[in-house]
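Atoms considered below: every heavy atom in the structure, side chains included; atoms not considered: hydrogens, waters and symmetry mates.
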Amino acid sequence: MKNIKYLAAAAILFTASSCDDYLDTDNITEKSLETYYKTPQDIDEAMAGVYNAIYTNNVHSEEQIAANLMDNMMLGGGGPDDKSAKYVDSFVDPQEDTYYDMWGQSYKGIARANAIIEKTEAADFSKYFPTPAEAQDFKKQAIGEALFMRGFFYFRLAKFFGGVPLITTIDGVKNGPRASYSDTFAQIASDFKQAIETMPATPFTSIPTSRYGHANKWVAEAYLGRVFLFYTGYMTNIEKQATTELPVAGGAALNATQVAAYLQDCISNSGHKLASDFRNLWPYSYVNTSAKANVLPWATTEKLAWVGQDGITPTFGTGNYESMFVQRFSFGNWGWSNGNIYTNRLALFNGIRGNSMVPFGEGWGWCPVNPKLFSGWPDEDPRKRGSVLEMGKAEQGTASYVGNKGDHETGLYNKKYISLQHDNGAGSNVGMFVQMYAWTNPDIQLAHAQDFILMRFADVLLMHSEITQTPSGMNAVRQRAGLGPKGYSLDAIKEERLHEFAFEGLHWFDLIRWGDVNTAFDGTVPVKNSGVAADYSVKYRPETKGLVPIPETEMRLLNGVYTQNPGW
């Protein structure tokens with residue numbers, strides 16, 4: 001059964017309401033900065049607190065939802081009363097603190113990571129392990145993992161907000177100004193580089209399944225590639241300050257050759273590999289088995305088999321070797337103070353509005369798919385219908401669809417992250433994950449225990465091709481899709497990334513770093529709003545430079561220390 005310990009921090013030593021007070025300590029059952037971080041259990045609990053900071057209360061602060069709403073391949077959607085989704089899709093801020101939880105939770109994670117980095121270095125774990133070498137490996141993994149997570153949170157902040165305050169010690173200045181864009185990325189690069197150099201080079205295949213969901217050296221190498229491409233692209237194409245290097249804190253820099261070497265190390269030594277079929281990454285490929293019925297004829301014909309999401313334990317097919325870093329989700333409960341943040345709300349909010357079918361269930365209808373993507377996607381690519389769900393198709397289980405329930409309706413939905421359900425044997429359609437894990441609350445708002453994949457091996461291959469300007473990695477991904485090889489070109493990479501990673505929260509950032517964001521939003525899209533035909537304009541405001549507004553609460557608290565982002 002999915003373990004909720006990844007989701008609820010066992011010991012959270014910091015509270016936060018704003019950037020200038022987030023490091024205040026709160027003594028919980030006599031634990032403090034002076035008495036904690038002494039045992040491996042302390043470190044594991046503290047690390048759980050770091051990962052816990054990924055989760056946000058406000059749905060607009062979830063990275064994948066925010067990025068998909070702004071992407072030109074998805075629309076706002078929802079019902080007539082879902083104003084906020086439409087505002088974000090049109091690059092209008094629906095409220096003054098739309099992204100406050102992303103800001104606040106990221107700084108909570110940074111604070112907790114800072115404490116682990118500082119306190120673990122001085123701790124002596126030798127009596128808890130059979131050998132000094134094992135104790136040292138534990139310490140290195142803990143420090144490296146915390147360094148990675150600090151870089152992860154700063155990268156999340158930088159992608160959305162630009163330059164942000166840099167606080168890298170427990171007692172760092174908490175009310176200082178925002179760092180420059182370049183200095184922020186230099187800190188991110190430094191954290192990832194140190195994480196790579198610190199964590200043990202243990203192949204993924206040798207890492208215990210109990211550590212699934214934790215970062216490791218290979219994840220840090222992959223993220224360094226992502227940071228390099230984003231920073232150099234943004235500076236060159238948005239800021240018009242062309243660069244081919246990623247700065248590192250302290251004055252050094254990383255070039256393409258160095259970053260490509262990290263990615264090659266990941267390719268050669270991590271133990272990760274592509275799933276045999278792209279569609280096996282997504283849980284809809286398990287519905288036939290879980291439902292004990294032929295509900296997806298095409299899935300049976302293609303002999304799909306979900307690789308699962310619990311490490312490489314071959315519970316489903318051959319095991320999941322492709323997912324490298326994921327946001328683990330479980331279930332929710334309205335009795336909890338934050339009852340629904342641990343269920344995958346992307347699947348809920350992207351679900352089919354007003355229609356409950358088998359195997360694809362109901363949701364709020366946000367982010368309907370732009371038909372431009374579907375019409376321009378070659379039919380011979382199995383990723384097309386492995387990513388996009390068509391309405392009114394009996395072979396997809398959507399024949400009963402009634403298309404007058406939502407706005408911006410295009411008849412196309414995100415198939416990777418969507419509500420899944422089937423008959424529970426007692427005549428009721430119940431969520432697939434609820435049945436798999438025997439959860440007691442079948443509420444569709446709480447039932448989506450699907451991991452969100454933050455990094456997978458296909459991205460490592462495509463990033464390596466883009467950085468080295470060679471076709472090998474790109475063609476490995478194409479070969480997995482049953483497509484022939486292509487010579488390298490940036491246009492080929494752009495098409496491959498669009499089709500491989502559609503709806504995974506990456507395309508928006510690709511548009512920005514390539515500078516395509518300024519021209520990708522032209523034209524109108526034919527839609528239906530509650531059944532009425534209309535034309536919808538897909539908009540972008542270039543004056544924002546692809547950034548979202550700093551939360552107004554932070555602006556007021558710092559009283560002039562921050563300057564608001566352009567266009568907001």
Would you say the side chain of [Y] lies within less than 4.5 Å of the side chain of [X], judging by non-hydrogen atoms?
X: F278; Y: S387; result: yes
X: N114; Y: T169; result: no
X: T39; Y: F125; result: no
X: M47; Y: I116; result: yes
X: T315; Y: D310; result: no
X: T202; Y: S206; result: yes
X: L263; Y: L461; result: no
X: F331; Y: N441; result: no

Taking the six-membered ring for Trp, are the ring centroids of [X] and [Y] within less than 6.0 Å of each other?
X: F91; Y: W508; value: yes
X: F148; Y: Y223; value: yes
X: H272; Y: Y321; value: no
X: Y417; Y: F452; value: yes
X: Y107; Y: W103; value: yes
X: F433; Y: W439; value: no

- Task: Could you pull out all residues at least two apart from K415 that satisfy salt bridge (Lys or Arg N to Asp or Glu O under 4.0 Å)?
- Result: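 Salt bridge (Lys or Arg N to Asp or Glu O under 4.0 Å) check on K415 returns nothing, list empty.
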**Item:** Contacts of type salt bridge (Lys or Arg N to Asp or Glu O under 4.0 Å), residue D183, not counting sequence neighbours
**Value:**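 Per chain and number, D183 pairs via salt bridge (Lys or Arg N to Asp or Glu O under 4.0 Å) with no residue.
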Quick one: list whatever passes ring-ring contact (aromatic ring centres under 6.0 Å, His included) with [X], sequence neighbours left out.
X: F185; answer: Y181, Y231
X: F129; answer: F138
X: F160; answer: F509
X: Y413; answer: none

Keeping the roles fixed (side chain from [X], backbone from [Y]), state whether a donor-acceptor pair exists under 3.5 Å.
X: E197; Y: G144; answer: no
X: T184; Y: S180; answer: yes
X: Q564; Y: P551; answer: no
X: T98; Y: Q95; answer: yes
X: R178; Y: P165; answer: no
X: S61; Y: M102; answer: yes
X: H214; Y: S210; answer: no
X: Q450; Y: K416; answer: yes
X: D97; Y: E552; answer: yes
X: Y36; Y: D42; answer: yes

Residues two or more places apart in sequence or in another chain: which of them pass side chain to side chain donor-acceptor pair (under 3.5 Å) with [X]?
X: R456; value: E322, E500, E504
X: N320; value: S323
X: H507; value: D71
X: N350; value: N414

Does a donor on one side chain and an acceptor on the other come within less than 3.5 Å for W366 and D89?
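No, no side-chain donor-acceptor contact under 3.5 Å.
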task: Would you please say whether a donor-acceptor pair under 3.5 Å links the side chains of Q421 and Q435?
output: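 Side-chain D/A pair, Q421 to Q435: absent.
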Salt bridge or not for [X] and [Y], using N-O below 4.0 Å?
X: K108; Y: D101; answer: no
X: E96; Y: R556; answer: yes
X: D510; Y: R226; answer: no
X: D124; Y: K38; answer: no

Problem set entry | Qualifying salt bridge (Lys or Arg N to Asp or Glu O under 4.0 Å) pairs, either residue in residues 131-153, two or more places apart |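 Checked against salt bridge (Lys or Arg N to Asp or Glu O under 4.0 Å) - neighbours excluded - the pairs reaching residues 131-153 are E145-R211, R150-D191.
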What residue pairs, at least two apart or across chains, pass salt bridge (Lys or Arg N to Asp or Glu O under 4.0 Å) with a residue in residues 50-66?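 Sorted result for residues 50-66: E62-R345, E63-R156, E63-K159.
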Distance (rounded to the nearest 0.5 Å) between H448 NE2 and S330 OG: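 If I round to the nearest 0.5 Å, the distance is 12.5 Å.
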Check your understanding: Nearest 0.5 Å, what's the NZ-OG1 distance between K193 and T198?
Key ->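 The distance works out to 9.5 Å.
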- When you look at L346 and N344, which way does the side-chain contact (heavy atoms from CB on, under 4.5 Å) test go after all the steps? CA-CA 5 Å; L346 181 62; N344 189 333; 3.2 Å; yes
Please report the C-alpha distance between V287 and L420 in whole Å, then the side-chain angles of each, then the deciding distance to 0.1 Å, and finally whether the side-chain contact (heavy atoms from CB on, under 4.5 Å) criterion is met.
CA-CA 8 Å; V287 171; L420 295 169; 4.1 Å; yes
- Apply the test side-chain contact (heavy atoms from CB on, under 4.5 Å) to residues L147 and I117: give CA-CA distance (whole Å), side-chain angles for both, the deciding distance (0.1 Å), then the verdict. CA-CA 7 Å; L147 282 164; I117 293 165; 3.8 Å; yes
Quick check: closest heavy atoms across [X] and [Y], and the distance to 0.1 Å?
X: A220; Y: I196; value: CB-CG1, 3.6 Å
X: A222; Y: M324; value: CB-CE, 4.2 Å
X: V248; Y: A189; value: CG2-CB, 4.1 Å
X: E221; Y: D265; value: OE2-OD2, 2.6 Å

I'd like to know whether V219 forms a side-chain contact (heavy atoms from CB on, under 4.5 Å) with L454, so could you lay out the CA-CA distance, the side-chain angles of the two residues, the decisive distance to 0.1 Å, and finally the verdict. CA-CA 10 Å; V219 173; L454 292 160; over 6 Å; no
Could you check whether R497 makes a cation-pi contact with F501, meaning its NZ or CZ is under 6.0 Å from the centre of the six-membered ring and within 45° of the ring axis?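 Judged by the rule, R497 and F501 form no cation-pi pair.
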